[in-house]
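All chains are named by letter (A, B, ...) in the order of the sequence lines, taking the proteins before the strands, and each is independently numbered beginning at 1. Below, all heavy atoms of this structure are taken into account, side chains as well, without hydrogens, waters or symmetry copies. All values derive from a computational prediction rather than experimental measurement.
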2 protein chains.
Amino acid sequence: MIEDLLKKALLKNTKQRHMILSIIKSEKKPVTAEEIYIKLNKNKGNINLSTVYRTLNILSEKNILLKILKEDGTASYQINDNLHNHYITCYKCHNSILIDKCPIKDFSEKISKDTGYVITGHSLQLTGLCPKCSKHVNND
Amino acid sequence: MIEDLLKKALLKNTKQRHMILSIIKSEKKPVTAEEIYIKLNKNKGNINLSTVYRTLNILSEKNILLKILKEDGTASYQINDNLHNHYITCYKCHNSILIDKCPIKDFSEKISKDTGYVITGHSLQLTGLCPKCSKHVNND
DNA sequence: TTCGGTGCAAAATGTTTGCACACAC
DNA sequence: GTGTGTGCAAACATTTTGCACCGAA
């Protein structure tokens, strides 16, 4: 429940936060602030973009959301459960496809043991050439 | 040799590119455009920041550099050899430490086989709590 | 000589902030 | 009622772009 998430984080349960979280929850892919903002206002939510950013920041700090950085440096967010995914993006055509299993999970434990850090999140982005583009490569 | 790198990428061997690449090569850590710019002009290089950005972009596209995104969405760059590193950053005190082995290397092959993508780069950033901070956590 | 590269200034993009008001607790 | 959260507008930081000139091949 969204209310519980907010309570757990000691945050007030406002209409805005509720709507933002429910959009993120309903998505399978990580979403950007802009995307959330657009969806909100399609549903006549009338929520300010600053509020979206502020909410995303505070929820990431509290580890309720996972901040994912895309190639271009913009951020996406998803619920920080163990079901998240990673993508590989073609640097030519910008197509991206899902990697069906998070390779970090297995590694986390080892890293945690080695470093003493409690690992709460990670961001992984692979880049490459998709099959189509790698066929007609001439290095340009 | 820097000239060879540029030749290989079919790029002209200019003074600016040479200086930028030699700064990146001399660093152990990934460096930002700004940092390169500052170092350049300390060495009275007098190179424009746009040029730095353009160079970094083109060299990343050619896979000579690896673009690394930091938590805040800004980019750093390092030479794209097999010796690069990853870091884990504490979300409280922002300390970061080195992870001594890149966990993705082993995975790349499998992913490449599964997806048909040619994997040319990746960006991995772990977040967590360092040992010191995880001791006095009370969720704020 | 040609075309790619650079410098400069200006714009675009994504994100953050200060302030006054609003609303959850 | 109090203090956290929000809307708005303005600021900010990073990165990109248009254009004229420059210089490597």
Exercise. Which one, D/dT15, C/dG7, D/dT4, comes nearest to the side chain of B/N48?
Worked result: C/dG7
Exercise. Are any of A/Y53's side-chain N or O atoms less than 4.0 Å away from OP1 or OP2 of C/dT15?
Worked result: yes
Problem set entry | Gap between atoms CD and C1', on B/E61 and C/dG4 respectively (whole Å) | 15 Å
Problem set entry | Close side-chain approach of A/Q78 to A/V31, heavy-atom, < 4.5 Å | no
Exercise. Among D/dT6, D/dA24, C/dA24, which is the nearest nucleotide to the side chain of A/K12?
Worked result: C/dA24
Exercise. OP1 or OP2 of D/dT6 less than 4.0 angstrom from a side-chain nitrogen or oxygen of A/T14, does that happen here?
Worked result: yes
Problem set entry | Within-4.5 Å side-chain heavy-atom neighbours: B/I36 and B/I20 | yes
Problem set entry | D/dG7 phosphate, OP1 or OP2, under 4.0 Å from A/Q16 side-chain N/O | yes
For this session: Would you kindly give the CD-to-C1' distance between B/E34 and D/dA13, to the nearest whole Å?
Result: 9 Å
For this session: Kindly say if A/N57 contacts the phosphate of C/dT15, meaning a side-chain N or O under 4.0 Å from OP1 or OP2.
Result: no
Exercise. Can you check the B/L56 CG to D/dT14 P distance for me, whole Å?
Worked result: 14 Å
Exercise. Could you give the NZ-to-C1' distance, from A/K15 to C/dC23, as a whole number of Å?
Worked result: 11 Å
For this session: Check the distance between D/dA13's C1' and B/L49's CG and give it to me in whole angstrom.
Result: 11 Å
For this session: Drop me the distance from B/K29's NZ to B/E35's CD, to the nearest 0.5 angstrom.
Result: 9.5 Å
Exercise. If you draw a 6.0 Å radius around NZ in B/K7, do more than 12 non-hydrogen atoms from other residues or ligands fall strictly inside?
Worked result: no
Exercise. Reckon A/N46 has a side-chain N or O less than 4.0 Å from the OP1 or OP2 of D/dG7?
Worked result: no
Exercise. Checking all strands, does A/N13 fall into the base, sugar-phosphate, or nothing category for heavy-atom contacts under 4.0 angstrom?
Worked result: sugar-phosphate
For this session: Would you mind classifying the nucleic acid contact of A/A33 as base, sugar-phosphate or nothing, using non-hydrogen atoms under 4.0 angstrom?
Result: nothing
For this session: Rounded to the nearest angstrom, tell me the gap between atom CE in A/M19 and atom C1' in D/dT6.
Result: 14 Å
Problem set entry | Pair B/K8 + B/E3, salt bridge at N-O below 4.0 Å | no
Problem set entry | Close side-chain approach of A/L69 to B/D72, heavy-atom, < 4.5 Å | no
Exercise. At under 4.0 Å between heavy atoms, what does A/D72 touch on the DNA or RNA strands: base, sugar-phosphate, or nothing?
Worked result: nothing
Exercise. Across the strands shown, which category fits A/R54 at heavy-atom distances under 4.0 angstrom: base, sugar-phosphate, nothing?
Worked result: base
Problem set entry | hbond_proxy B/S50 side chain to D/dT17 base (donor-acceptor, 3.5 Å cutoff) | yes
Problem set entry | Value in whole Å for how far the C1' atom of C/dG14 lies from OH of A/Y37 | 14 Å
For this session: Using atom NZ of B/K70 as one end and atom P of D/dA13 as the other, report the distance to the nearest whole Å.
Result: 14 Å
Exercise. Which residue, B/L11 or A/G73, contacts DNA chain C at a nucleotide closer to its 5' end, judged by nearest heavy atom?
Worked result: B/L11
